[in-house]
Amino acid sequence: HSVAVLGAPFSKGQKRRGVENGPKAIRDAGLIERLSHLDYPVHDFGDLSFQHLEKDEPYMHVPFPRTVGRANKLLSGAVSNAVEAGHTTIMLGGDHSLAIGSVEGHAKQCPDLCLIWVDAHADINTPFTSPSGNLHGQSVAFMIKELQNKMPELPGFSWVKPFLSAKDLVYIGLRDVDPGEYDILKDLGVQYFTMRDIDRLGIQRVMEVTFDHLLSRKQRPIHLSFDIDAMDPSLAPATGTPVNGGLTYREGIWITEEIHNTGLLSVMDLVEVNPDLGASREAVESTASMAVDVIASALGQTREGGPITQESQT
Ligand code: ARG
Ligand code: MN
Ligand code: MN
Ligand code: MN
């Protein structure tokens with residue numbers, strides 16, 4: 001068992017500058033060193049380099065469709081290769097449009113995967129329902145089979161065929177859902193837990209129901225797509241679309257600990273850390289360090305420590 005880290009410095013799924021510096025901020029916060037204390041070898045594959053397209057006219061009100069489509073195609077190949085090589089793969093964004101390529105590439109190797117989307121937002125707008133046009137708010141819509149006839153043919157995306165059923169997806173942390181997204185979630189009967197649901201049930205019960213929903217019929221690989229804006233903005237302020245009333249530190253870590261404990265985590269995205277948007281150096285560092293903490297915990301760092309091993313003596 002080994003871990004692959006893959007940086008995706010990309011920002012064209014939204015209009016704010018700086019989220020392309022997310023991978024560097026997360027590495028600077030000590031990610032690789034932290035992972036080196038866990039049980040498996042870590043391979044840092046560095047950052048992908050994405051092409052800049054000269055001409056990329058908006059489609060309807062969706063900006064940079066070809067650029068986003070091409071970047072995701074490259075990322076899809078990289079994630080697919082890393083999973084094929086047997087690595088548990090960590091994709092560092094970048095904006096959340098990158099989940100299109102990450103989950104698609106994962107699904108190429110693991111067609112029976114399930115998706116846990118931890119986010120303040122549902123990111124399931126179509127170009128017709130999206131208020132902003134931004135593709136980072138539409139990633140899930142590209143994946144879902146039941147939405148196929150609601151999606152236009154976007155330039156840059158002909159390579160993506162929907163591959164996931166609505167029942168194979170669970171959301172955790174929602175608190176800013178657009179009206180078109182609400183209709184889609186209800187129409188498709190998607191399982192989701194808003195912050196209100198977490199307040200009512202407690203995060204422990206939320207994770208139990210999540211795993212019942214996704215894993216009770218069979219064990220299968222988990223794709224965890226973790227948007228740092230799921231966390232409360234007091235913990236992760238340096239992000240493009242912060243929403244008050246988010247996950248506490250302990251709720252965030254509980255989610256990743258429980259996912260680790262399934263033994264089924266296969267790919268994790270950590271997206272939307274934007275170091276250019278922190279009000280201070282401390283704000284940036286706390287956001288990046290939150291990202292490192294949820295990644296390490298998803299990969300098995302525990303709060304109860306662990307026994308003496310060869311690695312713990314180095
Ligand atoms: N729902 C809004 C939109 O469609 C915000 C999406 C924010 N997405 C994100 N990955 N931070 O534009
Ligand atoms: Mn060490
Ligand atoms: Mn979000
Ligand atoms: Mn998101």
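It should be emphasised that the depicted structure is a prediction, and the values quoted were computed from it without experimental measurement. Each ligand, and each atom within it, is numbered from 1 in the order the structure gives.
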> Any N/O/S of Asp227 under 2.8 Å from the Mn ion (ligand 4)?
Replying inline: yes

>> Looking at every non-hydrogen atom in both residues, tell me the closest pair between Val19 and Phe10 and how far apart they are.
In response: CG1-O, 3.7 Å

> According to a 4.5 Å side-chain heavy-atom criterion applied to Ile, Leu, Val, Met, Phe, Trp and Tyr, with indirect links allowed, do Met207 and Met268 form part of one hydrophobic cluster?
Replying inline: yes

> Got a sec, which residues hit side-chain hydrogen bond (donor to acceptor under 3.5 Å, both in side chains) with Asp197, two or more places apart in sequence or on another chain?
Replying inline: Thr194, Arg200

> Does the shortest distance from the Mn ion (ligand 3) to an N/O/S atom of Asp123 fall below 2.8 Å?
Replying inline: no

> Under 3.5 Å, is there a donor-acceptor pair between the Tyr249 and Asp293 side chains?
Replying inline: yes

> Which heavy atom in Ala141 sits nearest to a heavy atom in Ile124, and how many Å separate them?
Replying inline: CB-O, 3.9 Å

>> Can you tell me which N/O/S atom of Asp119 has the shortest distance to the Mn ion (ligand 3)?
In response: OD1

>> Centroid separation under 6.0 Å, is that true for the rings of Phe193 and Tyr171?
In response: no

> Of all heavy-atom pairs between Gly101 and Asn72, which one has the smallest distance, and what is that distance?
Replying inline: N-OD1, 2.8 Å

>> Looking at the Mn ion (ligand 3), is there an N, O or S atom belonging to His121 that lies under 2.8 Å away from it?
In response: yes

> Nearest heavy-atom pair of Val62 and Gln138: which atoms, and what distance?
Replying inline: CG2-NE2, 4.0 Å

>> Tell me the closest heavy-atom pair linking Val42 and Ile32, and the distance in Å.
In response: CG1-CD1, 4.5 Å

>> Only N/O/S atoms count here: what is the atom of His96 closest to the Mn ion (ligand 4) called?
In response: ND1

>> Distance under 4.0 Å, heavy atoms only, partner ligand 1: which residues pass?
In response: His96, His121, Asp123, Asn125, Ser132, His136, Gly137, Asp178, Glu181, Asp227, Asp229, Thr241, Glu272

>> Under 2.8 Å from the Mn ion (ligand 3), is there any N, O or S atom belonging to Asp176?
In response: no

